[in-house]
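Shown next, in structure tokens, is the structure this report addresses.
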Amino acid sequence: MEPPLTVLVVGSGFGGQVAAMNLLRRGITDFQILERRDFMGGTWCQNSYPGAAVDVPSPLYSVAGEPYPWSRMYAGQAELRAYTEHLIEKWSLRERTVLGAEVVGADWDGETWCVRTSDGVVRRARFLVNASGPLSTPVVPPFEGLGEFSGATFHTNGWDHDVDLAGKRVAVVGSGASAAQVIPAIQPEVAELHVFQRSPHWVLPRHDRTFTPLQRRLLRLRPLQRLLRSAIYWKLETRVVGFKHSRRLLRLVAQRDALEHLRAQVPDPSLRAALTPDYTIGCKRIILSSTLYPALSAGNTTLHDRHDGIDHFDATGVVTASGEHLDLDVVVFSTGYDATDGLIPYEVRGRDGVRLADFWQDYPRAYLGTTVPGFPNFFVVTGPNTGIGHTSAIFVIESQMEYLLRAIGTVLDTGARSVEVTAEAEDAYTRGIHREMERTVWHDGGCTSWYQSRSGRVTAMYPGFSFSFRRLARRFRPEHHVVDRPTPHATPAGAPGTPTERTYA
């Protein structure tokens, strides 16, 4: 049997890439990335739907120390994919990646993680880093009669570019962030566009701009790049004041601006009423768009709100709740992901065969959103309560790496076998997170959202400033961890194994 790798990383999106970069910086080279698809890159290589773009300014939505000559403030999918490919090539990650290796299970055998993939191969590693990402498992509701529909159907996560939408009768099911980008992109070319909205989102203008050639050259200079990145970061960080500390500020500033944007772009009072949310801004993800409302107001677009949703499909289209039959050629599902309860799409068994799904039966939870008691040497990138509603997710991923590398270093530098957080430390951390969450708009803003698990708890978001999370992640607290170390005395001749002692780090 071949010796185990030091690390296995599941997923090749930004989470997996940042993990790999940090491993290489530390001198850990015997690791492997497992990617279930036949290409690398994650979100921005997978999501190629029309209009796909980032909703965080590009200079901040990038890896620290890896600047890029962005062409615009909010980069589109093609440029984001190019940036992803740039990182993969620069860090030589392609030769460290196994494509088509979908993980179906992972088990801790007392010393290593045994990771099974769909091709029947079992790989072993001392550490397992899950970077599959929360927005990787798309969900399509089980509509009655969907299998009878003879037209084309697909999720935005797997856009079918072979389907020509020009002159077609198209339905978009969903009204969240992806739908808000798809709708304006396809509305001008389709004959009819039916948008099924379960609940409206608050929308703010998207202040995008194209960088001039001179600005792009200047942004190649590290000092200017860092200055712009810092300015964007601190401006966005102020939003936490509203999300957590002041509903009045949210209503007076952000919600007022959103209402003005709605009034300015939607002249029809009945449509405007259907597009006006009944919850506090920020409770659901805020959409940035200057083109969504005009597309919804166009003559070929019909909005169906929650009172006129899809009752069932048939061979030629859908029947709405009001009894109207709509003939359709294409149905696009923009219905989100299993981002909370389905955070990890395969079975994980830790110490004594305990299933992670059982530990998460009530709701997903983890110390620093990264590690779980009873699961040694196991780390989750963008785990429970690490989502961020106001700034770059990459900043949080990089913060998790501060903790992850310190934990791995505790094992490698001391000759230990494993490290795991104590149940007491994880419980105290999680109770603190949800105590703080009660002060946020995500908890009491009057909506239901994908931020919540089945339990009703908000398990996707971090209830505070992102710099607070990074400060916590940078400090590895030995008293919060147990380390399996070999005992100093020798193993008696003929005795199996090596005696170990479980000690606080």
Side-chain angles (χ1 to χ4, degrees), residues 47 49-53 55 138-141 143 146 149 151-157 159-160 163 165-204 206 258 261-263 265-279 284-314 316-337 447 449-450:
N47 285 277
Y49 58 83
D55 57 5
V139 171
V140 174
F143 289 108
L146 178 58
F149 179 58
T153 64
F154 46 85
H155 195 280
T156 53
N157 183 255
W159 192 273
D160 189 343
V163 176
L165 300 184
K168 300 290 179 61
R169 299 163 298 183
V170 180
V172 174
V173 183
S175 57
S178 298
Q181 295 180 339
V182 167
I183 290 165
I186 68 173
Q187 174 269 320
E189 65 174 315
V190 303
E192 298 176 19
L193 181 60
H194 296 270
V195 177
F196 288 90
Q197 168 191 276
R198 187 170 60 179
S199 62
H201 283 63
W202 288 105
V203 181
L204 288 169
R206 185 184 186 89
H261 183 52
L262 176 61
R263 283 193 293 267
Q265 291 202 322
V266 182
D268 178 38
S270 60
L271 178 60
R272 192 163 61 240
L275 292 171
T276 303
D278 59 0
Y279 55 85
K284 289 178 184 282
R285 184 174 178 178
I286 298 172
I287 290 171
L288 300 181
S289 178
S290 299
T291 56
L292 174 61
Y293 286 151
L296 291 173
S297 302
N300 64 335
T301 302
T302 303
L303 179 72
H304 303 266
D305 65 13
R306 61 188 176 88
H307 302 294
D308 192 32
I310 296 173
D311 182 80
H312 65 274
F313 281 80
D314 61 19
T316 59
V318 302
V319 176
T320 70
S322 64
E324 180 184 9
H325 185 274
L326 303 175
D327 291 323
L328 298 171
D329 302 303
V330 181
V331 177
V332 176
F333 291 103
S334 184
T335 42
Y337 301 83
C447 74
S449 72
W450 66 263

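Sorted by first then second residue, the ring pair (Phe, Tyr, Trp, His ring centres under 6.0 Å) pairs that include residues 167-200, not counting sequence neighbours, are His194-His304, Phe196-His304.
Residue-environment remark: CZ (Arg272) exceeds the threshold of 12 foreign heavy atoms within 6.0 Å.
The ring pair (Phe, Tyr, Trp, His ring centres under 6.0 Å) search around Tyr49 returns none, not counting sequence neighbours. Remark: Asp329 engages Arg169 in a salt bridge (Lys or Arg N to Asp or Glu O under 4.0 Å) (not counting sequence neighbours).
Using a 4.5 Å cut-off on side-chain heavy atoms (C-beta onward), His312 and Phe149 make no contact. The shortest distance between side-chain heavy atoms of Val170 and Leu328 does not fall below 4.5 Å. Between Trp159 and Phe154, some side-chain heavy-atom pair lies under the 4.5 Å cut-off. Side-chain contact between Leu292 and Gln265 is absent, with no heavy-atom pair separated by less than 4.5 Å. Side chains of Val332 and Val173 form no contact here, defined as non-hydrogen atoms less than 4.5 Å apart.
In plain terms, the two heavy atoms of Ser334 and Ser178 that are nearest each other are OG-CB, 3.5 Å. Considering all non-hydrogen atoms of both residues, Val172 and Ala179 come closest at CG1-CB, 4.1 Å. Closest approach of Thr156 to Asn47, counting heavy atoms only: O-OD1, 3.9 Å. Looking at every heavy atom in both residues, Asp305 comes nearest to Ala274 through OD2-CB, 4.4 Å.
The backbone N or O of Tyr293 lies less than 3.5 Å from a partner atom in the side chain of Ser297, making a donor-acceptor pair. For the pair Asp308 (side chain) and Ser322 (backbone), a donor-acceptor distance under 3.5 Å is present.
When only modelled atom types and interatomic distance are considered, Asp327 and His325 share a side-chain donor-acceptor pair under 3.5 Å.
A side-chain hydrogen bond (donor to acceptor under 3.5 Å, both in side chains) with Asp55 is found for one member of Arg206, Arg285, Gln181 and no other, namely Arg285.
Separation of the Tyr279 and His201 ring centroids does not fall under the 6.0 Å cut-off.
By the 30° and 60° cut-offs, the orientation of the rings of Phe313 relative to Phe333 is tilted.
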